[in-house]
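A quick write-up on the structure given underneath.
Just so you know, these numbers come straight off a predicted model, no measurement behind them.
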Amino acid sequence: MNGNINDSDTSDVVASSGQQNQYVSYADEEPLSTAVVMALAEVAGDDPAEVGMPLYDAIDPDALDNLFGDKHDGSPRMGGEVVFTILDYEVTVHSYGEVVVRERT
C-alpha cells in the first residue's frame with residue numbers, strides 16, 4: 001500500500017480491541033464519503049439513510065472525496081488525515097483509506 005486511499009483492500013467495519021468505543025473501516029472502491037456514512041451507520045446500528053444527520057451538515061462530501069485523491073500528475077498523495085465530529089462521534093479519515101469512528105464521551 002502506497003498511502004493512497006484507492007489502494008485499500010477491505011471495507012469491513014470492525015471493533016477495535018485496542019480502545020473501547022472505537023470502530024475502524026477501510027474505504028474500498030467506493031467514494032470516501034460513502035465509506036464514512038457506512039461506518040457511521042454500522043456504529044450507530046442504523047440504516048445509512050437513517051443515521052440522523054446528513055454528512056454534508058458536518059463536512060463537504062465532495063471535498064472529502066477529493067482530499068486524498070491522486071495529484072494532477074497521477075501520483076498518489078501521501079500522508080495526512082482529517083478529523084471532524086458528527087452527532088456523538090469523532091471521525092478520523094486517514095489518507096490510506098482508514099476511517100476511525102470513536103464515540104465521544
Rounded distance [0.5 Å steps], OG in S33 versus CG in D62: 7.0 Å
Pairwise distance OH(Y26) to OH(Y96) - rounded to 0.5 angstrom: 6.0 Å
Kindly determine whether L32 and V99 satisfy side-chain contact (heavy atoms from CB on, under 4.5 Å), including the steps that lead there. CA-CA 9 Å; L32 184 54; V99 177; 4.0 Å; yes
Can you sort out the partners of [X] under side chain to side chain contact (heavy atoms under 4.5 Å, CB included), two or more places apart, ordered by chain and number?
| X | value |
| --- | --- |
| V100 | Q22, V24, T92, H94, E98, R102 |
| N66 | none |
| L67 | V82 |

Under 6.0 Å from the OH atom of Y56, do we count more than 12 heavy atoms belonging to anything else shown? no
With a 4.5 Å cut-off on side-chain heavy atoms, are Y89 and V51 touching? no
Kindly indicate whether the side chain of P48, heavy atoms from C-beta on, has any atom under 4.5 Å from the side chain of M38. yes
Ignoring hydrogens, what is the shortest heavy-atom contact between [X] and [Y]? Give both atom names and the distance.
| X | Y | answer |
| --- | --- | --- |
| A41 | D47 | CB-C, 4.1 Å |
| I86 | P54 | CD1-O, 4.2 Å |
| A39 | V101 | CB-CG2, 3.9 Å |
| P76 | K71 | O-CE, 3.9 Å |

If two hydrophobic side chains count as joined below 4.5 Å and joins carry through other members, does V83 share a cluster with M53? no
Measure from the side-chain N and O atoms of D88 to the backbone N and O of E103, and report whether any donor-acceptor pair falls under 3.5 Å. no
